[in-house]
Each structure stands twice: as C-alpha cells, then as structure tokens.
Amino acid sequence: MGILEKIAEIEREIARTQKNKATEYHLGLLKAKLAKYRSQLLEPSNSAGGKGEGFDVMKSGDARVALIGFPSVGKSTFLSLMTSTASEAASYEFTTLTCIPGVIEYKGANIQLLDLPGIIEGAAQGKGRGRQVIAVARTADVVIMMLDATKGNVQRELLEKVLESVGIRLNRRKPNIYFKPKKGSAHPS
C-alpha cells in the first residue's frame, strides 16, 4: 500500500469517527499519522525512479496550463470552480500532494488545467517535492502564478526567482534556435 492510499485510508477513518470527548485521543493519533505520511510524501524520494507518486499525468487536450503558487493561495479552489474536477481545498498547507488534472472546454478547445502542490522556498533543490512540481510545470504551455493578494509583491518575486533558476522563462518567447549545416567534409580524403 502506497503513501497516498494510507493517507486516503486515514482521512476516511477520521471522517467516519464520531467527534466527542471519548474519541479525542484516537483522532489525535490519526492526525499525527496523517501529518507523518504527508511529510514523507513531501520529502524527496531516494529511490532510483525519481518520479513522485501521482505526478505523472498524461498530457491531453489542445493546451496544458499549470497552476503554480505557494501553499494555500487558492489553486485547488480555482481548479474546482473552472472544471468539473473536485480538488480538495482545506485551511491547512499542502492539502494538494499530487498533480490534479482538470479540463476546461472553451470554444471547442479542451484545455488541461493542472493543480500542483504549493511551491516553497528551496523547491529548485527538491524541498517539498519542488523538483516534481517544477518538472510538471515545464511540460505546460502556460503557467499561471496564483498569489496571495495580502502578501504584496513578495510571493511573485520569490516565484519568479525560483522558476527562472530552473530555466522556466516567464512572459518571454522561446529562443530562436536553428541548426546550420557546416560546409566541408567530416572525413579527409
């Protein structure tokens, strides 16, 4: 049983446990286990595979849009409002632990919208599953940065810095690269 299944099982157990004074201790233990599994899921894995659980989402539709931002800025709420996909939103950080895809239909075009876990400082070095989040963002045609309006420009500057450090150039055209065959023979006669 993978970590995601264990997390889902604990969340189901919490949901079906009646909340009263007699069950406080049991719920506390479940919440502690949940926090432990969530932290394990956020740590970079040492396995040879390198892929994060749930991050491998097949590209579909006419365009792919990635929602990137810090934890608890409204990415999951936006996905749920724009698509028929329900992405869990809660008042604690890292509610979203994997890549959640949704589809927007607009004038006959299917646009894949990806809800990604929140980025934290040090994401480029792999902190908080940052490498997996960034790898998915690299496959997107468009990146939407979700920001907390109460934090001023700080979040935007930090996000731009993180994304620039891994080669995601925001609001710029792709470089005009071409190959020009060199004249002359490769082997002397």
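Just so it is clear, the values below take in all heavy atoms, side chains as well, and ignore hydrogens, waters and symmetry mates.
- With contacts defined as side-chain heavy-atom distances shorter than 4.5 Å, the pair M145/E160 qualifies.
- When all heavy atoms of T23 and Q18 are compared, the pair lying nearest together is OG1-O, 2.6 Å.
- Side-chain contact between I68 and M146: absent, with no pair of heavy atoms (C-beta onward) separated by less than 4.5 Å.
- One N or O on the side chain of D141 and one on the backbone of R64 form a donor-acceptor pair closer than 3.5 Å.
- Contact check on K161 versus E157 returns no salt bridge, with no Lys/Arg side-chain nitrogen under 4.0 Å from an Asp/Glu carboxylate oxygen.
- No path of Ile, Leu, Val, Met, Phe, Trp and Tyr side chains, each step under 4.5 Å between heavy atoms, connects Y106 with V103, placing them in separate hydrophobic clusters.
- Between the OG1 atom in T83 and the CG atom in D115 there is a gap of 9.0 Å [rounded to 0.5 Å].
- Interatomic distance, K75 NZ to L147 CG, rounded to the nearest 0.5 Å: 10.0 Å.
- To the nearest 0.5 Å, atoms CG (L116) and CG (L79) are separated by 10.0 Å.
- Note: K31 NZ to E24 CD = 9.5 Å, rounded to the nearest 0.5 Å.
- In this structure, CG on L113 lies 4.5 Å from CG on L67, to the nearest 0.5 angstrom.
- The CZ atom of F78 sits 5.0 Å away from atom CD1 of I144, with the distance rounded to the nearest 0.5 Å.
- Around the CD atom of E105, the shell of radius 6.0 Å holds no more than 12 heavy atoms that belong to other residues, nucleotides or ligands.
- Residues I111 and V142 are members of one and the same hydrophobic cluster, defined by side-chain heavy-atom contacts under 4.5 angstrom among Ile, Leu, Val, Met, Phe, Trp and Tyr.
- Nearest approach of I104 to M82, heavy atoms of both residues: CG1-O, 3.8 Å.
- Here the shortest heavy-atom pairing between Q155 and D148 reads OE1-N, 2.8 Å.
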